[in-house]
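For reference, the structure is listed below as structure tokens.
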Amino acid sequence: MFEALSSKLNGVFDRLRRRGALSEADVTEALREVRVALLEADVALPVVRDLVNKVRERAVGQEVIRSVSPAQQVIKIVNDALVEALGGGEADDGKRGIDLNAPSPVPILMVGLQGSGKTTTSGKIALRLRTKDRKKVLLASLDVHRPAAQLQLQTLAQQAEVTSLPIVAGQSPMQIAMRAMDVARRELYDVVVLDTAGRLAIDEALMEEVAQVKLATNPHETLLVVDAMTGQDAVNTAKAFQDKVGVTGIVMTRIDGDARGGAALSMRAVTGAPIKLLGAGEKLDALEDFHPDRIASRILGMGDIVSLVEKAAANIDQAEAEKLAARMQKGQFTLEDYASQLKQIGKMGSLQGILGMLPGVGKIKQQLNDANLDTAILGRQAAIISSMTPRERRTPEILKASRKKRIAAGSGTSVQEVNKLLKQFDDMSAMMKRMNKLGQKGLMRGGLAALLPGAGNKRPF
Ligand SMILES: Nc1nc2c(ncn2[C@@H]2O[C@H](COP(=O)(O)OP(=O)(O)O)[C@@H](O)[C@H]2O)c(=O)[nH]1
Ligand SMILES: [Mg+2]
């Protein structure tokens with residue numbers, strides 16, 4: 001999500017930066033381009049207008065034009081305005097994440113159109129509450145319209161290792177909801193997630209059914225699930241649900257797709273409801289908290305460093321990582337270290353996913369796609385390295401034709417692949433030398449692009 005918007009805004013700011021001193025006309029021109037970029041990303045018109053006006057006021061008020069680093073200041077102001085539009089203002093503090101601050105069992109009602117991801121998200125929430133918050137969770141499907149819907153939730157409950165309410169044929173959504181609350185009270189559940197049926201479009205019958213269940217169960221959270229891929233329609237849907245049912249928060253799913261992202265930026269202003277969670281895939285662990293500041297910096301191409309670090313911390317062996325970092329610093333990085341790093345990367349999931357979170361990567365995304373990075377290749381590379389002798393790993397210079405042939409045979413690969421790995425290792429060592437020269441700060445500023453061959457000292461900011 002946000003890729004097109006991000007690269008457009010980066011273009012605007014690149015041009016602005018090259019200017020040095022800015023005239024008021026420069027700022028006006030840049031803001032006009034920002035406006036077009038936002039509209040193209042499907043951000044609602046009133047939201048765009050508000051955002052651009054805010055930036056203009058602040059840019060003038062802060063005398064950006066005469067400041068020492070005018071472009072950075074404009075970018076900072078745009079960043080702050082984006083954070084606010086995304087619901088990052090102080091008024092929204094405490095409204096992020098699922099609120100469980102109520103007497104048990106806490107009912108959570110899931111609402112939304114058919115196919116938006118309600119059932120999947122119910123499973124994701126159950127998994128998160130069980131593992132992270134150590135809650136006893138009951139899942140109940142109120143979807144009596146689609147034959148397999150209740151079974152779908154039952155399967156997800158098994159995967160999340162939580163209980164699902166036993167299916168009783170012939171019950172109405174209201175009867176199921178009451179039974180769920182009853183069981184939860186008797187068996188001391190902490191949370192009950194009520195997954196409702198959707199319709200293909202908003203209709204009265206759906207709203208009525210949902211409103212009745214809401215009235216009867218008095219949910220502490222009513223979470224509206226919307227599909228980010230539907231763009232402006234997601235915002236209209238949210239507005240309708242907010243007006244007719246009332247929601248406490250929004251879950252935006254399919255942000256792993258190439259949605260333009262405008263819906264996320266419009267949601268808060270149009271519906272008044274905060275986005276609380278993001279669905280980033282079909283698997284049960286693909287649920288993210290919504291952090292306005294991180295999303296804003298992702299849009300502005302500054303990368304979602306914090307998310308990356310969190311993801312890395314959850315998967316990477318800390319001691320191992322520190323050891324590696326120290327060896328890199330000293331320029332002692334060997335093929336053995338490379339193999340160990342391959343293993344760590346494998347644990348973190350797809351390379352593209354990780355690289356997408358790094359700063360400056362928007363620009364080289366295409367290169368990455370062309371390079372066709374794939375975790376399967378990492379496995380083959382690890383196999384090649386493990387077919388080497390310790391001495392070969394320490395001093396790859398000794399690898400001549402016959403050794404390469406032996407290694408290829410031993411790892412079930414080809415001599416070409418062995419050569420490719422060695423070349424890549426060489427490139428990587430060269431990259432590390434550049435990285436050391438730049439230092440950690442330089443890496444943050446210059447982004448990944450600074451590490452690419454021939455990047456010189458050009459920085460995006
Ligand atoms: N890529 C992706 N697919 C999702 C996400 N959330 C749900 N889905 C898929 O969307 C489809 C419909 O989801 P479902 O939960 O049944 O929607 P419901 O009708 O609202 O209950 C399923 O195939 C899900 O696997 C997400 O965040 N990313
Ligand atoms: Mg469903």
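These numbers come from a predicted model, not from an experiment. When reading the values below, keep in mind they use all heavy atoms of this one structure, side chains included, and skip hydrogens, waters and symmetry mates. Start at 1 and go down the list; that is how both ligands and their atoms are numbered.
In this structure, the side chain of Ser122 does not engage the main chain of Asp195 through any donor-acceptor pair within 3.5 Å. Distance alone, capped at 3.5 Å, is enough to place a donor-acceptor pair between the Thr253 side chain and the Val226 backbone. Counting only distance, with no hydrogens or angles, the side chain of Glu33 and the backbone of Val12 share no donor-acceptor pair below 3.5 Å. At least one donor-acceptor pair under 3.5 Å links the side chain of Lys214 to the backbone N or O of Gly246.
The 4.0 Å heavy-atom shell around ligand 1 contains residues Leu113, Gln114, Gly115, Ser116, Gly117, Lys118, Thr119, Thr120, Lys124, Arg146, Gln152, Thr253, Arg254, Asp256, Gly279, Ala280, Gly281, Glu282, ordered by chain and number.
Screening residues 106-128 for salt bridge (charged side-chain N to carboxylate O under 4.0 Å, His left out), with sequence neighbours left out, gives Arg128-Asp289.
Geometric assessment of Lys136 against the ring of Tyr189 yields a positive cation-pi assignment under the 6.0 Å and 45° thresholds.
Ala81 is linked by a side chain to side chain contact (heavy atoms under 4.5 Å, CB included) to Leu51, Val55, counting only residues two or more places apart in sequence or in another chain.
Atom NZ of Lys239 has 12 or fewer heavy atoms from other residues, nucleotides or ligands within 6.0 Å. Summarising the local packing, CZ of Arg179 is surrounded by more than 12 heavy atoms from other residues, nucleotides or ligands at distances under 6.0 Å.
Tally of protein N, O or S atoms closer to the Mg ion (ligand 2) than 2.8 Å: 1.
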